[in-house]
Amino acid sequence: MMGLPAMLHGSPLLSQPLPFARPTIEEPDKVLRMIADSLESGLVTNGPRVAELEERSADLFGVEHCVAVASCTLGLMLVVQAVGEGSAIVPSFTFSASAHALAWNGLDPVFVDCDPATWCLRPDDVPDDAGLILGVHISGVPCDVVGLQRRADDLGATLVFDAAHGSGSLVTAGGIQRPLGGFGRAEVFSLTPTKVMSGAEGGLVTTNDADLAARIRLARDYGNPGDYDTRFVGLNARLSELNAALALTSLDHLETRVGHRNEVAGRYQVLLGALPGISFQQVPEGARSSYKDFTVLVEPNAFGASRDAVVAALRAEGVSTRPYYSPPVHRQTAYAHLPRRDLPITDRLAERVISLPIWSHLPFETADLIGEAFERIHSHAEEVEAVYRSS
């Protein structure tokens, strides 16, 4: 018989609360030496470290051009400014920044539904009047990049990818397994602390379009080519040398990090997959997820307790979680002025999601304890639900 959940006055499985995310820094001394060199040189923005990061990242992602920027959101904003026109399509099951990049450019996002298995935008979800299609690689699971490009070509639309979660993800296209980065007109990656490849902050715009890359380089510096006669309205989106130093070290360990996360995800799937009412995001055949996030769906009737009751019970055990992505963007206050759309798959996912801790150095035994916490909660699901509802 499983022990009592902590919510029902059992002993918590974790003696200290477990952070939801924790950045991995394998070589802090190396990072500090690079930062010290930058400080000594006086070049702290858009210097040699940034140039090295761009060159090595272009090689990693298999593209001709990579432009480092201060954040993924700023990168998306500048790409949309350059190529966006017409009806702007974006899945609602994503982080709000995907839609914000459109809104900051004066485009009202047209929210669409997603695939019930991969949780990503499907070609069939794209309406016939689309002018700009913004696909999102959710939690590191790649979109159907080939199908979306075919749909964009048929419509004469521009395809861009929010690849914030995509560092280390692989997709099979044309019979070849390739990293994300070279699909659509551009892809934009994030380097924030929760990402698999991180510079603490920052972003990377990848593209095979030389003209677009040149424009983004200009746009990240206000649109100023150096003579202070700004050619268009740009932004301050420069990446610092300090962030680039951390990102370069992170890049060195990307494969190891992705491998560890896939092992943690596999462990979760074995431990939780035996429980009724628990299901997972599916990775398409021939693809690899970076597992930036690991999210489960809780079916209340089968599991015996609601998503929110499970979250509360996990918190009592010392496990921090996140509801990625609940509420979905089309139901958020910032977009309440737009026409309400019927997105049944998105709404169903948002009502059931729980994202679990997954770091690039999360101990396997910790993942096992989280699995045990789910087993405890399921074994006493009715009582857990009753206590949650009465609280």
Side-chain angles (χ1 to χ4, degrees), residues 19-61 63-79 97 163-168 181 187-207 213-231 233-258 260 290 292 359-361:
F20 174 71
R22 179 173 287 174
T24 301
I25 304 174
E26 292 89 349
E27 300 179 87
D29 291 344
K30 180 179 178 180
V31 175
L32 291 173
R33 285 195 300 272
M34 286 193 287
I35 289 175
D37 289 345
S38 296
L39 295 176
E40 185 175 348
S41 73
L43 293 173
V44 294
T45 301
N46 276 355
R49 299 292 183 203
V50 169
E52 181 184 356
L53 176 63
E54 291 176 334
E55 181 179 354
R56 289 187 58 194
S57 296
D59 184 62
L60 171 70
F61 296 124
V63 295
E64 295 180 15
H65 308 281
C66 177
V67 183
V69 288
S71 76
C72 178
T73 305
L74 288 170
L76 283 169
M77 289 168 60
L78 295 177
V79 168
H165 301 171
S167 296
E187 300 199 54
V188 189
F189 296 81
S190 174
L191 297 174
T192 59
T194 63
K195 304 306 184 290
V196 186
M197 177 176 159
S198 173
E201 292 293 347
L204 300 169
V205 179
T206 60
T207 183
R215 179 185 168 100
I216 300 303
R217 291 187 187 281
L218 191 59
R220 73 179 175 186
D221 198 11
Y222 302 101
N224 172 22
D227 60 5
Y228 292 93
D229 178 15
T230 53
R231 302 307 193 258
V233 179
L235 293 167
N236 177 1
R238 299 186 298 262
L239 183 70
S240 83
E241 291 286 279
L242 316 184
N243 296 113
L246 186 56
L248 281 166
T249 308
S250 177
L251 187 155
D252 290 335
H253 298 276
L254 180 60
E255 275 300 307
T256 301
R257 293 179 179 189
V258 174
H260 184 85
S290 67
K292 183 271 174 187
W359 327 327
S360 298
H361 63 289

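Note that the coordinates shown come from a computational prediction; the quantities given were computed from them, not determined experimentally. Computation of the quantities below employed the complete heavy-atom set of this structure, encompassing side-chain atoms and omitting hydrogens, waters and symmetry-equivalent molecules.
Side-chain contact between M197 and L60 is present, with heavy atoms from C-beta onward closer than 4.5 Å. The side-chain heavy atoms of L204 and L191, taken from C-beta on, include a pair separated by under 4.5 Å. Using a 4.5 Å heavy-atom threshold, the side chains of P23 and W359 count as separate. Taking 4.5 Å as the limit, some side-chain heavy atom of V188 sits within range of a side-chain heavy atom of V79. When side chains are defined from C-beta on, V258 does not count as touching K292, because their heavy atoms never get closer than 4.5 Å. The closest side-chain heavy-atom distance from E55 to E52 is not below 4.5 Å. Using a 4.5 Å cut-off on side-chain heavy atoms (C-beta onward), V205 and L78 make no contact. By the 4.5 Å heavy-atom criterion applied to side chains, V67 and I216 are counted as neighbours.
The two atoms that bring A70 and L74 nearest to each other are CB-CD1, 3.8 Å, heavy atoms only. Residues P193 and E201 share a closest heavy-atom pair of CD-OE2, 4.1 Å. A68 and R220 make their closest contact through O-NH1, 2.7 Å (heavy atoms, listed as atom of the first residue, atom of the second, distance). Scanning all heavy atoms of the two residues, the minimum distance from C66 to T206 falls at SG-CG2, 4.2 Å. For G168 against L254, the heavy-atom pair with the smallest separation is N-CD2, 3.9 Å. Closest approach of F61 and S167 over heavy atoms only: CZ-OG, 3.9 Å.
H65 and T207 share no side-chain donor-acceptor pair at under 3.5 Å.
Side-chain atoms of N243 come within 3.5 Å of backbone N or O of G199 as a donor-acceptor pair. The backbone N or O of R49 lies less than 3.5 Å from a partner atom in the side chain of E241, making a donor-acceptor pair. Remark: side-chain polar atoms of S57 are not paired, donor with acceptor, to backbone N or O of E54 under 3.5 angstrom. Within the 3.5 Å criterion, the main-chain N or O of T192 finds a donor-acceptor partner in the side chain of S198. In this structure a side-chain-to-backbone donor-acceptor pair under 3.5 Å is present from R231 to D229.
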Steps toward side-chain contact (heavy atoms from CB on, under 4.5 Å) verdict (F20, T194)
CA-CA 9 Å; F20 174 71; T194 63; over 6 Å; no

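When each of S250, S290, S360 is checked for a side chain to side chain donor-acceptor pair (under 3.5 Å) with R257, only S250 meets the rule.
The distance from the CG atom of L235 to the CG atom of D221 is 10.5 Å, given to the nearest 0.5 Å. Remark: K30 NZ to L32 CG distance equals 12.5 Å, nearest 0.5 Å. Distance check: L242 CG to I35 CD1 gives 5.5 Å after rounding to the nearest 0.5 Å. In this structure, CG in L246 is found 11.5 Å from CG in L251, a value given to the nearest 0.5 Å.
Scored by the ring-ring contact (aromatic ring centres under 6.0 Å, His included) test, H253 finds no partners at all (sequence neighbours excluded).
Within a 6.0 Å sphere centred on CD of E26, other residues, nucleotides and ligands contribute more than 12 heavy atoms.
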